[in-house]
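Worksheet: the structure to be examined is printed underneath.
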Amino acid sequence: LQDEDSTIRVRAERAMNERLKGGCQVPIAGFAELQGEQLFMRGLVGKPDGSVIYRAEKTGPITEAEAIGRAVADELLLSGAGEVLKALYA
């Protein structure tokens with residue numbers, strides 16, 4: 001069985017996580033919601049101690065789910081989350 005709405009949201013969330021190279025030990029969160037024919041995606045990356053949290057969000061057509069997820073990841077990386085991830089992956 002496959003739920004179309006869940007599939008759209010998961011495609012966006014997985015695209016963001018893939019772009020960030022997320023894993024189980026990395027403080028990354030992504031959450032996508034459908035709003036009619038639009039997809040609203042929020043993401044964050046934080047330091048493990050919670051002292052710094054980077055946030056990003058994007059909205060776009062549901063047909064662009066993966067692109068929206070990657071755009072959220074790119075915005076996070078540009079805002080400084082890349083340095084947090086680099087330190088964790090080192």
Side-chain angles (χ1 to χ4, degrees):
L1 299 173
Q2 182 174 345
D3 180 69
E4 183 70 23
D5 291 351
S6 294
T7 299
I8 293 166
R9 293 190 306 262
V10 168
R11 285 183 9 230
E13 294 164 357
R14 286 183 178 169
M16 184 199 82
N17 198 49
E18 182 178 322
R19 173 81 94 212
L20 296 174
K21 297 178 178 32
C24 296
Q25 287 75 33
V26 182
I28 294 174
F31 185 69
E33 299 177 273
L34 297 184
Q35 299 174 340
E37 293 299 310
Q38 297 287 303
L39 182 125
F40 173 62
M41 172 89 188
R42 289 179 288 207
L44 68 81
V45 173
K47 287 189 172 184
D49 67 2
S51 63
V52 177
I53 298 175
Y54 296 96
R55 301 175 195 277
E57 58 186 49
K58 286 274 190 214
T59 301
I62 61 174
T63 56
E64 300 295 321
E66 291 94 346
I68 293 166
R70 287 189 297 270
V72 169
D74 290 342
E75 190 174 318
L76 288 165
L77 292 169
L78 288 172
S79 71
E83 294 304 314
V84 171
L85 297 173
K86 189 185 303 182
L88 291 170
Y89 295 143

**OP:** For R19, enumerate each residue passing the salt bridge (Lys or Arg N to Asp or Glu O under 4.0 Å) test, keeping only those at least two apart in sequence or located in another chain.
**Re:** D74

Quick one: side chains of residues 83-90, donor-acceptor pairs under 3.5 Å with protein atoms, not counting sequence neighbours, listed by atom name and distance.
| residue | atom | partner | partner atom | Å |
| --- | --- | --- | --- | --- |
| Y89 | OH | L20 | O | 2.9 |
| Y89 | OH | K21 | O | 2.4 |

Original post:
Does V10 belong to the same Ile/Leu/Val/Met/Phe/Trp/Tyr cluster as V72, with side-chain heavy atoms less than 4.5 Å apart forming each link?
Top reply: no

Subject >> With sequence neighbours excluded, residues passing salt bridge (Lys or Arg N to Asp or Glu O under 4.0 Å) with D5 >> reply: none

Side chains of residues 26-44: which donor-acceptor pairs under 3.5 Å do they make with residues two or more places apart or in other chains?
| residue | atom | partner | partner atom | Å |
| --- | --- | --- | --- | --- |
| E33 | OE1 | R42 | NH2 | 3.1 |

**OP:** Apply salt bridge (Lys or Arg N to Asp or Glu O under 4.0 Å) to R9 and list each qualifying residue two or more places apart in sequence or on a separate chain.
**Re:** none

**OP:** Enumerate the residue pairs fulfilling salt bridge (Lys or Arg N to Asp or Glu O under 4.0 Å) with a member in residues 44-65, sequence neighbours excluded, ordered by first and then second residue.
**Re:** K58-E75

**OP:** State the CG-CD1 distance between L76 and I53, to the nearest 0.5 angstrom.
**Re:** 11.5 Å

Original post:
G82 and L77: which non-hydrogen atoms are nearest, and at how many Å?
Top reply: CA-CD2, 3.7 Å

